[in-house]
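Here is the structure we will look at, set down as structure tokens.
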Amino acid sequence: MTWHVSGLTAPLAVSGVLGLVVAAAIWRERPKAGSTWLSLAAVAVAAWAFGQVVVVSSGSQSVRLLGSGLTVAAMVFVPPLWLLFSLAYTGHGDRVSTPVLVVLLGEPTILSALALSGSPLMFAEGTLAAGAQGATLFVKYGPVLVAQHAYGYALLFVGEFLLYRMFLGSRNVFRKRTFFLLALIVFLHACQFLSVAGLSPTPYQTLTPLGFLLFGALSLLALVSYRGFEFLPLQRLLRLFSRHSKNLTPIARERAIEEMATGFMVIDHAGRIVDINPMGKRILAREDERVVGKEVSAVIPPEIFVDGTPAFFDVESDENAGDPSGRYSGIWVETPAGEQRCFDVLVTSLGDDAGSGSVALIHDVTDRERRKRKLREQNVELKRQNEQLDNFAGIVSHDLRNPLTVADGHLELIDRETDSDHVDPARAALDRMRQIIDDVLTLARSGQSVSDTERVDLAAVATEAWETVDTRDATLTVDVDVTVEGDPSRLRQLFENLFRNSVEHGGPDVTVTVGTLDGDGGFYVADDGPGIPPARRTEVFDEGFSTDEDGTGFGLAIIETIVEAHGWEITVTESETGGARFEITGESLASDQNARAVAD
């Protein structure tokens with residue numbers, strides 16, 4: 001058997017080797033969608049090229065026929081493998097059931113066996129003829145191979161259609177990658193058509209593997225780095241193929257993602273960034289740097305995280321071994337400028353398996369977290385001040401009450417030993433001091449927020465408060481059937497102070513009414529006394545304000561602090577009889593009243 005090296009031998013051999021290298025590189029990308037099928041398709045193209053090396057280099061017709069059989073055996077596998085890749089790559093892999101898979105792979109397996117055995121169903125005859133490139137093998141196709149060509153073209157067309165649809169709906173690096181794959185299969189499809197039609201400038205089935213030389217080299221470039229696409233003049237072609245598309249959805253989606261105020265980043269199964277929007281680059285402080293194709297750990301180094309690397313950024317973490325999807329809040333990082341900023345990150349997997357990649361939405365929440373941190377600090381400080389106030393109030397109460405008790409004892413002795421007109425004024429002054437102490441302590445403790453609440457019947461607590469106040473000949477009318485969420489002891493104190501205020505200013509026979517407010521919800525306490533002049537209604541809640549010479553001026557201030565501690569508001573107006581009317585309102589009171597109305 002003689003061999004000779006023709007002008008096609010070296011290019012075809014290089015194409016075969018290139019196909020194997022591409023197949024190995026793609027195989028390493030598993031389990032990325034479709035990578036297995038694409039790798040096998042590249043192996044088929046490589047086998048195709050090696051078969052043609054035998055055809056153009058051997059001097060034996062029988063050996064050339066064997067090479068032709070290898071060519072056809074590889075060729076018939078390309079369409080189904082490409083279709084399987086296209087289905088998986090475009091997200092339709094779930095449509096490939098086991099019976100469909102058996103049919104798609106079973107047919108080329110049978111035809112390959114027939115081709116390698118030289119069956120007349122595949123090859124009718126083969127002859128050698130002299131030519132410029134040496135002896136050329138001419139093979140007449142058998143009926144089965146002719147039918148397979150039509151079937152293979154149909155499969156390739158379906159794959160091309162799926163890729164074109166994905167191309168129209170893709171963006172950025174995905175758009176370029178899909179266009180590249182689409183261009184590859186269309187180009188190889190055209191080469192095969194020219195060969196079958198007898199229009200190829202090269203003999204027999206050599207044009208397709210020779211065409212793979214170009215796209216195989218570009219494929220390696222793209223696999224080595226996603227940035228390889230940037231060296232290709234694809235932008236004009238992309239605009240040409242999609243300019244007249246009437247599908248506005250991809251355009252709107254791209255515009256929304258490009259201009260959204262949230263960072264958008266796509267990460268593949270190997271932890272590499274394959275897409276990112278301008279806000280994402282701005283958040284990562286990489287506006288003037290190319291980040292597509294780089295690993296996340298290179299773009300977002302672990303040392304920038306203030307509180308340790310989050311699980312979804314740590315590719316070696318056990319927590320990140322499975323699905324990294326989830327919401328991650330309050331991630332503090334230190335920027336290259338030395339500023340600390342905080343982000344919320346929402347990670348969503350693009351599929352059900354670990355090789356599907358994920359999408360990360362990054363939102364800058366620095367201002368929100370700083371406000372929360374400041375509020376926490378203020379709450380801690382407020383708690384500390386409240387504790388100090390409690391301690392101070394206890395000390396004041398103890399240290400002032402003891403001297404008052406001593407003074408009371410001495411006044412009692414003086415009253416027994418002498419008949420002095422100064423004893424009663426002194427005793428009254430001591431009583432007033434004791435009342436001021438009580439009111440000051442009550443005011444200090446009423447200002448704390450309400451923490452332990454329960455459902456309180458306003459009618460019941462108002463009636464109980466009336467019984468503990470020296471109401472003399474006054475009359476109470478309770479026209480309220482509402483329960484509220486509150487502190488029973490403080491609400492009782494609220495009513496006691498309001499009732500005491502009505503009796504002190506309205507006289508011993510005043511009539512006091514507790515009722516429900518219409519509309520916004522809430523309740524009121526009104527009397528038929530002289531009322532409060534409009535000009536003075538804004539200052540009645542000031543500490544120390546009183547129109548009674550014997551009053552401490554803390555009663556209404558205590559009422560206001562109790563109301564505010566519950567999250568409510570209090571206003572003073574005029575009652576129907578011209579007296580004072582205090583209205584207590586709030587969102588919780590309105591919702592309580594609405595809930596009661598629905599229940600009724």
Side-chain angles (χ1 to χ4, degrees), residues 15-50 73-96 100-101 104-105 107-109 112 152-153 155-167 170 173-192 208-209 211-226 228-229 232 234 266 268-270 272 274 293 350-351 353-357:
S15 178
V17 173
L18 191 60
L20 294 178
V21 174
V22 170
I26 297 174
W27 185 262
R28 295 183 59 185
E29 292 293 311
R30 291 176 304 115
K32 185 183 292 184
S35 59
T36 300
W37 302 122
L38 185 59
S39 178
L40 294 176
V43 171
V45 173
W48 186 340
F50 288 133
M75 180 178 64
V76 295
F77 269 102
V78 173
L81 289 174
W82 186 267
L83 178 61
L84 289 170
F85 160 72
S86 300
L87 287 168
Y89 182 77
T90 58
H92 298 89
D94 54 342
R95 298 185 180 182
V96 183
V100 172
L101 189 62
L104 288 176
L105 296 182
E107 180 264 348
T109 301
S112 295
Y153 290 149
L155 296 185
L156 291 174
F157 175 78
V158 174
E160 293 164 0
F161 176 73
L162 292 173
L163 289 173
Y164 181 67
R165 282 209 318 176
M166 186 173 184
F167 164 72
S170 300
V173 70
F174 298 105
R175 190 176 184 84
K176 298 174 184 177
R177 182 193 303 167
T178 305
F179 179 81
F180 176 79
L181 293 169
L182 182 62
L184 167 62
I185 191 59
V186 170
F187 180 75
L188 296 182
H189 193 167
C191 288
Q192 177 63 4
T208 301
F212 187 75
L213 282 173
L214 170 63
F215 277 96
L218 293 177
S219 297
L220 284 180
L221 177 63
L223 286 167
V224 170
S225 171
Y226 287 100
F229 289 112
L232 305 178
L234 296 178
V266 182
D268 70 4
H269 70 289
R272 294 169 298 198
V274 296
L350 294 175
D353 53 49
S356 302

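Of all the heavy atoms in E160 and I185, the pair that sits closest is CG-CG2, 3.6 Å. The two residues A46 and G16 have their closest heavy-atom pair at CB-O, 3.3 Å. When all heavy atoms of A73 and S112 are compared, the pair lying nearest together is O-OG, 3.0 Å. Between F85 and W37, the shortest heavy-atom distance links the atoms N-CB, 3.7 Å. Of all the heavy atoms in A74 and A44, the pair that sits closest is CB-O, 3.2 Å.
Separating the CG atom in L155 from the CG atom in L104 is a distance of 6.5 Å, to the nearest 0.5 Å. A distance of 11.5 Å separates CG of L38 from CH2 of W27, quoted to the nearest 0.5 Å.
With contacts defined as side-chain heavy-atom distances shorter than 4.5 Å, the pair L84/T36 does not qualify. Residues F50 and L20 have side chains in contact (heavy-atom distance under 4.5 Å, counting atoms from C-beta outward).
Atom OH of Y153 sits in a crowded spot, with more than 12 heavy atoms from other residues, nucleotides or ligands closer than 6.0 Å.
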Check the pair L105 / L81 against side-chain contact (heavy atoms from CB on, under 4.5 Å), numbers first and verdict last. CA-CA 8 Å; L105 296 182; L81 289 174; 4.1 Å; yes

Could you go step by step and tell me if W82 and L163 meet the side-chain contact (heavy atoms from CB on, under 4.5 Å) rule? CA-CA 11 Å; W82 186 267; L163 289 173; 3.8 Å; yes

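With S39 contributing its side chain and S35 its backbone, the two residues share no donor-acceptor pair below 3.5 Å.
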